[in-house]
Amino acid sequence: MGDLELLLPGEADVLVRGLRSFPLREIGTEGWNRQHENLEKLNMQAILDATVSQSEPIQELLVTHGKVPTLVAELISVQLWKQKVFPVLCMLDDFKPQNTFPIYMVVHHEASIINLLETVFFHKEVCESAEDTVLDLVDYCHRKLAMLVSRSGQSSPLEEENSQDTTPMQELQKQAELMEFEIALKALSVLRYITDCVDSLPLSVLSRMLSTHNLPCLLVELLEHSPWSRREGGKLQRFEGGRWHTVAPSEQQKLSKLDGQVWLALYNLLLSPEARSHYCLTSFAKGQLLKLRAFLTDTLLDQLPNLADLQGFLAHLALVEPQPLKKDLVLEQVRSQKSGNSWSERTRASGRRSPSTSFSTCSAHPRRTCGCRQQGGRRPIGWMCWRPWLQMAPAVATAAPGPPSAAPGVGRSGTAAGSAKSSTGRSTRRFVSWQRRMTEPSEGL
């Protein structure tokens, strides 16, 4: 690995091979802490390799052993722990640990993973090796950027002074807030690297960025608020390298790294042929994008000459009429749930339905009777097909036979096995058909 090395080639290979995703209940265990230390070593080695501009074996090992999806899964798990478990711990009256370092390691683990992803995602093959988890990573980055926009105008947690009266848990919460800001800025860089690969990523990823999250409009909001810049005592400060730095007057017109990441992401999402053919430029999107013309100064174009094409695109956009909302049927990939207590099971148990504007394929077996099959097998998510409703519908005491594929038992094909006594007193089984009930979603849902 050259003169600057923390890990031997064989050691790095062993550490990468051992990476795995931990469930929530195992976060903070001995095995999880050991992997956290290994990630820190891999992260530092990847940064050193990128600094000296030599071959980058860490990213090659991650691609070779298929560990990029593992890193993304671990990133989502730690974020879930921070959002669902950590706040509950802080509210417990009897939770007063003498040492908060183990909890700090969990909070810091997310920063370690996003730092490693930012370092290696610069390579296109790393982004492609993420496979289906790119969708989760796009959702993750969107949540972080939306958090930055929502906090704009508020006092930054970095401005708060340390107080001597704070408890260890309060101090840990403050550190978690400071780290959250840095993680969101790293997520911006990761998202920009994903936009560099829009021509080789699945269509569902592009649809998620443009249709579901409308990332171009969110990036415009980031440029307007610029949360990584602030005025302190009449001086311009920028957040770089984990600290706020005062910018000299001669350097204030210089494009910062984070501003450059936003402009490059906008360029990829608006001017690439794949994105332009799928982005619906509504009146709202047009109004938001035209705000960019005020930022496209000659000084900026001198630093990023490619933005001249974006300037021409905005000039053309100002003259055209907004596009109507697309009503085409779009198939979007949805991550499968591993939990047994899924939404469909909870809905079936409670008998309630939740309207939704998203669609998924009906889960009924192709050989079984289902009303959704008449609509091409499509139904809104959260609306059960009529077949599970039969378990809740009132029985119609008729002896009508079920469909040819029907089998005895509730929940098979719309029939249930009933019992009756014959004149001899013996119990005979017959099929009692359920009344077929179908309800379409109300208009506008």
Side-chain angles (χ1 to χ4, degrees), residues 72 75-76 79 114 117-118 121-122 124 127-128 130 132-152 183-228 256-293 295-296 304 306-307 309-310 313-314 317 322-323 325-326 328 330 332-335 357-358:
V72 177
L75 181 67
I76 303 301
Q79 186 195 31
I114 196 66
L117 290 178
E118 182 195 25
F121 248 68
F122 179 80
K124 188 175 182 179
C127 183
E128 295 175 350
D132 296 344
T133 58
V134 176
L135 287 171
D136 294 329
L137 192 55
V138 169
D139 294 340
Y140 172 88
C141 295
H142 173 263
R143 290 193 296 269
K144 296 299 182 181
L145 300 187
M147 181 271 296
L148 283 179
V149 174
S150 64
R151 291 185 179 181
S152 60
I183 291 174
L185 300 183
K186 298 289 184 180
L188 173 61
S189 299
V190 173
L191 180 64
R192 177 248 149 162
Y193 297 143
I194 295 177
T195 61
D196 289 341
C197 308
V198 292
D199 57 338
S200 58
L201 292 177
L203 180 61
S204 57
V205 178
L206 194 59
S207 175
R208 186 70 63 90
M209 291 191 293
L210 297 178
S211 302
T212 306
H213 298 314
N214 200 354
L215 286 181
C217 292
L218 180 60
L219 294 174
V220 173
E221 292 287 332
L222 280 178
L223 281 179
E224 282 190 306
H225 299 289
S226 187
W228 45 85
S256 66
K257 176 184 176 181
L258 294 171
D259 286 310
Q261 299 284 32
V262 176
W263 282 112
L264 292 175
L266 281 169
Y267 182 89
N268 294 331
L269 291 177
L270 295 177
L271 296 185
S272 64
E274 294 79 8
R276 293 186 64 175
S277 61
H278 292 90
Y279 188 43
C280 183
L281 289 170
T282 60
S283 57
F284 172 77
K286 176 182 177 180
Q288 289 293 105
L289 295 179
L290 290 181
K291 295 179 182 179
L292 296 174
R293 293 188 296 179
F295 298 95
L296 290 171
L304 283 178
N306 290 342
L307 295 183
D309 298 334
L310 181 60
F313 167 78
L314 295 175
L317 178 62
Q323 300 178 6
L325 289 175
K326 295 182 179 180
D328 300 335
V330 178
E332 189 176 68
Q333 183 176 351
V334 179
R335 296 285 293 165
T357 56
S358 303

Return the minimal non-hydrogen interatomic distance between [X] and [Y], and the atom names on each side.
| X | Y | result |
| --- | --- | --- |
| S283 | P322 | N-CB, 3.5 Å |
| D199 | D196 | OD1-O, 4.0 Å |
| P227 | L222 | CD-O, 3.8 Å |
| C217 | A285 | SG-CA, 3.8 Å |
| L201 | C127 | CD2-SG, 4.0 Å |
| A184 | L148 | CB-CG, 3.7 Å |

Approximate separation, where rounding is to 0.5 Å, of [X] [atom1] and [Y] [atom2]:
| X | Y | atom1 | atom2 | result |
| --- | --- | --- | --- | --- |
| L271 | L266 | CG | CG | 9.5 Å |
| L292 | L270 | CG | CG | 7.5 Å |
| S189 | I194 | OG | CD1 | 11.0 Å |
| L185 | E118 | CG | CD | 9.5 Å |

Does [X] reach the main-chain N or O of [Y] with its side chain, forming a donor-acceptor pair under 3.5 Å?
| X | Y | answer |
| --- | --- | --- |
| T133 | A130 | yes |
| S277 | E274 | yes |
| S207 | L203 | no |

Beyond-backbone contact of [X] with [Y], side-chain heavy atoms, under 4.5 angstrom:
| X | Y | result |
| --- | --- | --- |
| L145 | L191 | yes |
| K286 | L281 | no |
| K124 | Y193 | no |
| V205 | M209 | yes |
| S200 | C197 | yes |
| L304 | L310 | no |
| L210 | L215 | no |
| Y279 | L269 | no |

Decide if atom CZ of F122 counts as having more than 12 heavy atoms of other residues, nucleotides or ligands within a radius under 6.0 Å. no

For F295, ring pair (Phe, Tyr, Trp, His ring centres under 6.0 Å) partners two or more places apart: none

Taking K144 first and then D139, would you say they form a salt bridge - that is, a charged N and a carboxylate O separated by under 4.0 Å? no

Given the rule in the side-chain contact (heavy atoms from CB on, under 4.5 Å) test, do L137 and L117 qualify, once you have shown the distances and angles that lead to the verdict? CA-CA 10 Å; L137 192 55; L117 290 178; 4.3 Å; yes

Return the orientation label for the H213 and H142 ring planes: parallel under 30°, perpendicular over 60°, tilted otherwise. parallel

Contact list for residues 256-275, test ring-ring contact (aromatic ring centres under 6.0 Å, His included), sequence neighbours left out: none

Give a yes-or-no answer on whether the side chains of S256 and D259 include a donor-acceptor pair shorter than 3.5 Å. yes

Strictly by modelled atom types, are E221 and H225 linked by a side-chain donor-acceptor pair under 3.5 Å? yes

Those residues at least two apart in sequence (or on a different chain) that pass salt bridge (Lys or Arg N to Asp or Glu O under 4.0 Å) with K291 are E224

Would L264 and T195 satisfy side-chain contact (heavy atoms from CB on, under 4.5 Å), going step by step from the backbone distance to the final call? CA-CA 9 Å; L264 292 175; T195 61; over 6 Å; no

